[in-house]
Q: 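Got a structure here, written out as structure tokens. Questions coming.
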Amino acid sequence: MKQEKAFVKEITPQSKDFSRWYIDAIKKADLMDYTSVRGCIVFKPDGYELWERIQAAMDQRFKDTGHRNAYFPMLIPESFFQKEKEHVEGFNPELPWVTEAGGEKLEERLALRPTSETTIGQMYSQWIQSYRDLPVLINQWANVFRWEKRTMPFLRTSEFLWQEGHTAHATEEEARQETMQMLEIYREVVEQELAIPVWKGKKTPRERFAGAVDTYSIEAMMKDGKAVQAGTSHYLGENFAKGFDIKFLDRDNQLKYVHTTSWGTSTRLIGSMIMVHGDDRGLVLPPRVAPTQVVMIPVGPAKLREKVMEQFDPLFDALKAAGIRVRADLREETPGWKFNEWEMRGVPIRLEIGPRDVDKNQAILARRDTGEKVAVVLDGAVQSVKDLLDEIQQNMFQKALAFREQHSHLGIETLEDLKEHIANKENEQGIPGWVLAGWCGEDSCELKVKEETKFTTRNIPFAPPATKSTCLACGGEAQDTVWFARSY
RNA sequence: CGGGGUGUGGCUCAGCUUGGCAGAGCACCUGCUUUGGGAGCAGGGGGUCGCAGGUUCAAAUCCUGUCACCCCGACCA
């Protein structure tokens, strides 16, 4: 955008204070509001609709791969947590408890679920008897609670909405396949619908889910260079099966533990999408999930409005009939005001029609991602809009990909190099981004990097852009090539 | 949870140091003129000053407590 004249004074520029920008942008876009409960937000209609669209895209794919939705209770008895040692240790600090009900103290206190492995494990132990009962492929759309010390709208709140899949299988191989299949679905939805490029990979043991054998993730880079874990998929092995006694009689008449998986994505995807695509004017929404894809605004003198509306109204109907999420802004405000308003909200295309356009049998399409305006003939406007929506979706992904490449550093071999890199970037007001480096596999090396640079291991990518042979921290032989970054 | 900051009409904030009628801009309502990148004039409505105590003749202002939000750290999707 060339004529960058700070039209929107209410939004702090990204370069000045990224967190401030984020809060300003989501408030101006009317996605959420704070409530009187700490860390809990309202998802206002536009914010919630983003979630509904993500939900729809995911849900379709879950069902296509044989999963079904179910719903389990939000309250979990304390004793359930004790059954998996790592799990209880991992979640205990952030559980809210119900200790009283009906005016009486409860005999056993109940936690507001942070995730449902325990409740579901308990049920699976009753449902599964034979290999004929397997696999169990269930997903749940729910709210969960994690009393985090520091909250941030969408990205980290005390209560959030998510999806958690829980499956049980007869063999490790099948469970591992499921884990990978779901990770791939996450990649597909996030890249295709949200236009966010991600790295699929495996988490290091330190970053693993409490109670998992292996945790995998997709990781995305925000515009401030920090990382967000956009989805996770866990192979839980027999850990929960043993804790909850989930056994089945196999074909060979042997009693065996099932192998379970779990996988989740949350409303944090909304925050990621905003931080990946947004700019100083506010949100930039990918067309596939944008609540409003096209906003139509009539322009020109009021006395000529009637003539404009003769073209405007049929075009609105035609767009709507074509399945495009179109909205007409006929309010009394000036056009300039409306332009800014819808740009803040991130609507992909603005369609303007004024008297001059009517004379030329055309409409103006202004795209949010580039700021570019083009004139299209009225007759073919519906197709032009469809094509442009596709193009914007593609362009947004490509832009995000290019940004990620630009801020991914492959040539940093030692901790000293990394510190120097960070110092340099900070001096020039740049962002340190991500660093691909070797890791020997030692916990202590990972911790050392974290303590000295705040960079943590994001994941061990399945298809790294390069392979490293020495450990970033100790210089010893590298066991893995890992993405290091600061993260949300 | 530690350090720092902020809570005053819907929003952004001034007023607080030195207690004395609760303000401005934007937004909102009415009317007229306007409308191709945040229009103008005129009139109007709206606030128990985050909450709870205390000091005082009198508290947005002073004291104590508490809650929320923001920023920076330790924990996390």
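We name chains A, B, ... by the order of the sequence lines, and we start the count at 1 in each one.
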Q: Please tell me which of the listed nucleotides, B:rU35, B:rG38, B:rG37, lies nearest to the side chain of A:Arg305?
A: B:rU35
Q: Any side-chain N or O of A:Lys28 below 4.0 angstrom from OP1/OP2 of B:rG38?
A: no
Q: OP1 or OP2 of B:rA39 versus the side-chain N and O atoms of A:Thr334: is any pair under 4.0 Å?
A: yes
Q: What's the closest nucleotide to the side chain of A:Ser19 if the choices are B:rG73, B:rC72, B:rG37?
A: B:rC72
Q: It should be established whether A:Lys27 places a side-chain nitrogen or oxygen under 4.0 Å from OP1 or OP2 of nucleotide B:rC11.
A: no
Q: Which of the following nucleotides, B:rG37, B:rG38, B:rC72, is nearest to the side chain of A:Glu343?
A: B:rG37
Q: So what does A:Ser272 hit on the nucleic acid, given a heavy-atom distance under 4.0 Å: a base, only sugar-phosphate, or nothing?
A: nothing
Q: Out of B:rG37, B:rC76, B:rC70, which nucleotide sits closest to the side chain of A:Glu148?
A: B:rC76
Q: Checking A:Asn459 against A:Trp199: is there a side-chain donor and acceptor pair closer than 3.5 Å?
A: no
Q: Can you tell me which nucleotide in B:rG37, B:rG36, B:rC76 comes closest to the side chain of A:Glu94?
A: B:rC76
Q: Which nucleotide in the set B:rC76, B:rU34, B:rG36 lies at the smallest distance from any side-chain heavy atom of A:Glu332?
A: B:rU34
Q: Taking only the side-chain heavy atoms of A:Arg150 (C-beta and beyond), determine which of B:rC72, B:rG38, B:rG36 contains the nearest atom.
A: B:rC72
Q: Assign A:Arg20 to base, sugar-phosphate, or nothing according to its heavy-atom contacts below 4.0 angstrom with the strands shown.
A: sugar-phosphate
Q: Between B:rG37, B:rG73, B:rC76, which one does the side chain of A:Arg146 approach most closely?
A: B:rC76
Q: Quick one: salt bridge (charged side-chain N to carboxylate O under 4.0 Å, His left out) pairs with a partner in residues 109-121 of chain A, sequence neighbours left out?
A: A:Glu78-A:Arg109
Q: Using Watson-Crick or G-U wobble geometry with both distances below 3.5 Å, tell me the partner of B:rC1, or none.
A: B:rG73
Q: Once you apply a heavy-atom cut-off of 4.0 Å, does A:Phe160 come out as touching a base, just sugar-phosphate, or nothing?
A: base
Q: Among B:rG38, B:rG36, B:rC76, find the nucleotide with the atom closest to the side chain of A:Trp337.
A: B:rG38
Q: For a quick check of understanding: with a heavy-atom distance under 4.0 Å over all strands, which category does A:Lys203 fall into, base, sugar-phosphate or nothing?
A: nothing
Q: Side chains of A:Thr261 and A:Thr167: any donor to acceptor distance under 3.5 Å?
A: yes
Q: Can you name the residues that form a ring pair (Phe, Tyr, Trp, His ring centres under 6.0 Å) with A:Phe316, not counting sequence neighbours?
A: none
Q: Between B:rG36, B:rC70, B:rC1, spot the one nearest the side chain of A:Thr151, thanks.
A: B:rC70
Q: Can a salt bridge be assigned to the pair A:Asp224 and A:Arg486 using a cut-off of 4.0 Å between side-chain N and carboxylate O?
A: no
